[in-house]
Amino acid sequence: MTNPLLLGHRLPDFPAIKPEHVEPAVRDLLKKGKETLNRLEQEKDIRWETIVEPQEELALAYQQIWGPVGHLMGVRNTQELREAYEKVLPDVVSFGLTMAQSKPLFAAHRTLLERGDLTPTRKRILEKKLLDARHSGIELEGPERERFQAIAQELSQLGNEFSNNVLDATRAWFLDLEESDQVAGLPESWKELAAESYNRANPEKKATAENGPWRLTLDTPAYLPFMQHARRRDLREAAYLASIRRASAAPYDNTERIRRILELRQEEARLLGYKNFAALSLAEKMAGSVEKAWELLESLRVKSLPAARADLSEIQELARVNGHELALHDVAFYAERLKEQKFQFNEEDLRPYFPLEKVLAGLFRLVETLFQVRVVAAPGEAPVWHEDVRYFKILDLDGQERAAFYLDPYSRPADKRGGAWMNDCVGRRRTRVGLDKPVAYLICNSTPPGSDRPSLMTFDEVVTLFHEFGHGLQHMLTEIDESDASGINGIEWDAVELPSQFMENWCYVRAVLNDLSGHYRTGEALPDDLYGKLMAARTFRAGSDMLRQLRFAMLDLELHRRALAADETPFDVQRRIDEKTTVMPAHSEDRFLCSFGHIFAGGYSAGYYSYKWAEVMSADAFGAFEDAGLRFSDVALPEAVLQVGMLFRRTVLARGGSSHPSRVYQEFRGRDPDVGALLRHSGLAPGPVPLQ
């Protein structure tokens, strides 16, 4: 049997990959990995070409075999694939630790670094390799080393189980609505989506948007509009409770996994000589210390808390006028009603103007204008994992291919995890035979098309697409040829969100909005009155939105900067942080931590603050375009703005992890970032505020 994972193709043959291919391919990978490591440990001729380049070759093989398997776990998850993945996962983790803890390899890296004849990029790569080795337990011996390895294995398994439970719990809950009063207030687009969801689950029946039945799920395109528009309070309450309880009860209960993950991380940090896991995490990040990260969060909390209290007071009054005492399951509903009253529009008024194809065309033209590249569709040039997935190329202006990306735009709650993300399929790397050009995965969970309409995006979904494309640009427009520092590789985690959050700002620039909006029936661009309302509403509930993110970030740091007491639960810590970061007490049954995959199954443990840290930089970076004459109301981009765009490309997007992000930012902006632009854009401060 031909194994598609072992053919060495640059792009995975996704339709051909089956669960039964995983184990033999991974066993072959691990065998070659052990042979490579054995050869490296005996190498006497210590040079970059003999020590580092073979590791790059092994990383490429890993990318071609294990990479597609992990990707499919996120976008085409099945029970058979899970079983195959989980069978080999311990051995993959074990080999990774063996290589990271290789003392001969550690010594060779140190020898290379001490010689001092390296380029700055290679010097930084080796410095990071040595730090990674220390954080992988290279300096541990005997029982401590064995314990560290056992912890790594268990954490890997727990993270995988956590993620699967969230996916399964999301998929398991639904509410079928059969009466018209149950969907009163809901927009037609929601009814279409919910009827199609019902039909997918019941192929023998035929639901319609007009007559139902309608299936409500916890998938964001279904859940969020329901909470904003459904008039039935009892149904909103049922959906809200299901959301905050997700993955907190059998058979998908993550409660004990949370405690165990936190315990193991603290033990891991102590073994490595750190006071706590947060200190270990921050040692690898731009902020450098828990204190600096906390200081930023606290400064933003103080700024946003009064505004959030005012936000709450407004919707409480609106609820009272309508005969209700505001409950948590009412917040989204009355916030949307208040927005309608203040600005005379709602999200559904915008949706017809943002069909996916028009949004993509506008996004691509912006990228082409700012960064002097072209984005072209390349249908059929790469195998895809689902019929909705598309493949694009990025070309230089002379037509030469620079990079490529897959786009998986739509929600598929049956087998695709929620949220949105960018990941690398192929990284940029120069070899003896040429240049490997980068390829990215761009994954969103936007509203899918209906039977008689295209995919119509909410404005939030448009912003999310721009966000993920920003990540993709940093991966694809890199100019670094060393794989360990190209694209997003080697960048401190709290700086990785800079390009993504930077791209979000362009969604509000009139010239860009004109280009990416067009009514799906008439082609009309977003009208001036709707644009004016959108801009007026940009800072609507900004204090509440910021406080919500600060809640997540401060809770993450608090959970990781000290061990839980014997009589304390993670939810006790949550309640303590909630006292500082919420203006309306959380529900007594709130267990959102059980589905908080970012910190328990993703890369944001003791790092969720990174969103705010990078947002300071992204807002300040966009300020450089404002300094060059850009105004949100511009219907054409000034020439000087295009020059700043190319500077942004040559620095932030091009330099990857070849330099410390603070140095890269200084090269772009000419100074360190300050928090003033973020507060100004959020409507929380009128002028500059220095970032200490």
Side-chain angles (χ1 to χ4, degrees), residues 77 164-254 319 324 326-337 346-348 351 410-419 445-448 450-451 458 460-461 586-592 594-597:
N77 193 297
N164 285 338
N165 271 354
V166 174
L167 178 62
D168 289 343
T170 302
R171 182 166 48 193
W173 190 91
F174 61 88
L175 197 60
D176 286 339
L177 310 173
E178 298 182 352
E179 304 297 331
S180 59
D181 75 298
Q182 294 177 310
V183 294
L186 286 158
E188 192 66 20
S189 60
W190 186 90
K191 293 178 186 178
E192 291 175 3
L193 179 66
E196 288 156 11
S197 179
Y198 182 89
N199 286 331
R200 283 194 298 271
N202 301 278
E204 74 285 358
K205 300 182 180 179
K206 184 59 179 175
T208 65
E210 183 180 2
N211 299 315
W214 305 270
R215 174 159 289 196
L216 169 63
T217 70
L218 295 178
D219 201 38
T220 301
Y223 174 78
L224 184 58
F226 189 85
M227 297 304 294
Q228 290 173 325
H229 299 288
R231 292 180 189 153
R232 283 276 298 267
R233 291 186 81 209
D234 59 328
L235 297 179
R236 293 204 308 270
E237 181 177 20
Y240 178 77
L241 289 174
S243 178
I244 63 173
R245 292 168 176 163
R246 183 166 31 171
S248 67
Y252 312 119
D253 192 354
N254 277 331
H324 301 135
L326 188 76
L328 288 162
H329 53 269
D330 294 322
V331 170
F333 179 82
Y334 280 110
E336 194 66 16
R337 304 291 78 74
N346 62 41
E347 286 290 331
E348 291 302 312
R351 191 193 288 269
Y410 307 132
S411 167
R412 292 191 304 275
D415 60 5
K416 180 181 177 183
R417 70 179 172 91
N445 267 281
S446 298
T447 306
S451 56
T458 68
D460 282 346
E461 290 171 350
H587 197 286
S588 61
E589 297 182 42
D590 190 327
R591 297 291 185 270
F592 90 91
C594 290
S595 59
F596 198 2

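Remember, it's a predicted structure, so these values are computed and weren't measured experimentally. Values reported hereafter were calculated over all heavy atoms of this structure, with side chains retained and with hydrogens, waters and symmetry mates removed.
The distance from atom CZ of Arg246 to atom CG of Leu167, rounded to the nearest 0.5 Å, is 10.0 Å. Here the CG atom belonging to Leu328 is positioned 11.5 Å from the CD atom belonging to Glu589, to the nearest 0.5 angstrom. Interatomic distance, Glu196 CD to Thr208 OG1, rounded to the nearest 0.5 Å: 11.0 Å. Leu235 CG to Leu216 CG: the interatomic distance, rounded to the nearest 0.5 Å, is 8.0 Å. If you take CZ on Arg337 and CZ on Arg231, they are separated by 8.0 Å, rounding to the nearest 0.5 Å. Within the model, atoms CG of Leu241 and CZ of Arg236 stand 12.5 Å from one another, a figure rounded to the nearest 0.5 Å.
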Passes side-chain contact (heavy atoms from CB on, under 4.5 Å), Asn202 versus Asn199? Steps please. CA-CA 5 Å; Asn202 301 278; Asn199 286 331; 5.9 Å; no
Pair Trp190, Phe226 - check ring pair (Phe, Tyr, Trp, His ring centres under 6.0 Å), show working. CA-CA 8 Å; Trp190 186 90; Phe226 189 85; 5.6 Å; yes
Intermediate values then yes/no, side-chain contact (heavy atoms from CB on, under 4.5 Å), Tyr410 and Thr447: CA-CA 6 Å; Tyr410 307 132; Thr447 306; over 6 Å; no
Intermediate values then yes/no, side-chain contact (heavy atoms from CB on, under 4.5 Å), Asn445 and Lys416: CA-CA 9 Å; Asn445 267 281; Lys416 180 181 177 183; 3.9 Å; yes
Show your working on side-chain contact (heavy atoms from CB on, under 4.5 Å) between Trp214 and Asp176 and close with a plain yes or no. CA-CA 6 Å; Trp214 305 270; Asp176 286 339; over 6 Å; no
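Asp181 places a side-chain heavy atom less than 4.5 Å from the side chain of Arg232. Inter-residue side-chain proximity for Asn254 and Ser595 is flagged as unmet; no heavy-atom pair is nearer than 4.5 Å. Side-chain contact check for His229 versus Phe333: every heavy-atom pair is 4.5 Å or farther apart. When side chains are defined from C-beta on, Trp173 does not count as touching Tyr223, because their heavy atoms never get closer than 4.5 Å. With contacts defined as side-chain heavy-atom distances shorter than 4.5 Å, the pair Asp253/Asn165 does not qualify. Using a 4.5 Å heavy-atom threshold, the side chains of Phe174 and Leu218 count as separate. No side-chain heavy atom of Arg412 sits under 4.5 Å from any side-chain heavy atom of Pro448. Residues Thr170 and Thr217 are not in side-chain contact: their nearest non-hydrogen atoms beyond the backbone lie 4.5 Å or more apart.
For Arg215 (side chain) and Ser197 (main-chain N/O), no donor-acceptor pair under 3.5 Å exists by modelled atom type. Under the 3.5 Å distance criterion, the side-chain polar atoms of Asp590 are left unmatched by any main-chain donor or acceptor of His587. Judged by distance alone, with hydrogens and angles left aside, the side-chain atoms of Glu336 form a donor-acceptor pair with the main-chain N or O of Glu347 at under 3.5 Å. At distances below 3.5 Å, at least one donor-acceptor pair connects side-chain atoms of Ser248 with backbone N or O atoms of Arg245. A distance-only check finds no donor-acceptor pair linking the side chain of Arg591 to the backbone of Ile244 [under 3.5 Å].
The closest side-chain donor-acceptor pair between Tyr334 and His324 falls under 3.5 angstrom. A donor-acceptor pair shorter than 3.5 Å cannot be found between the side chains of Asn77 and Asp415. Side-chain contact of Ser189 with Arg351: a donor-acceptor pair under 3.5 Å is present, judged by distance alone.
A salt bridge does not link Glu210 to Lys191: none of the charged side-chain nitrogens sits closer than 4.0 Å to a carboxylate oxygen.
When all heavy atoms of Ala247 and Ala169 are compared, the pair lying nearest together is N-CB, 3.6 Å. Among all heavy-atom pairs drawn from Ala207 and Ala195, the shortest one is CB-O, 3.8 Å.
Within a 6.0 Å radius of CZ in Arg233, more than 12 heavy atoms belonging to other residues, nucleotides or ligands are found.
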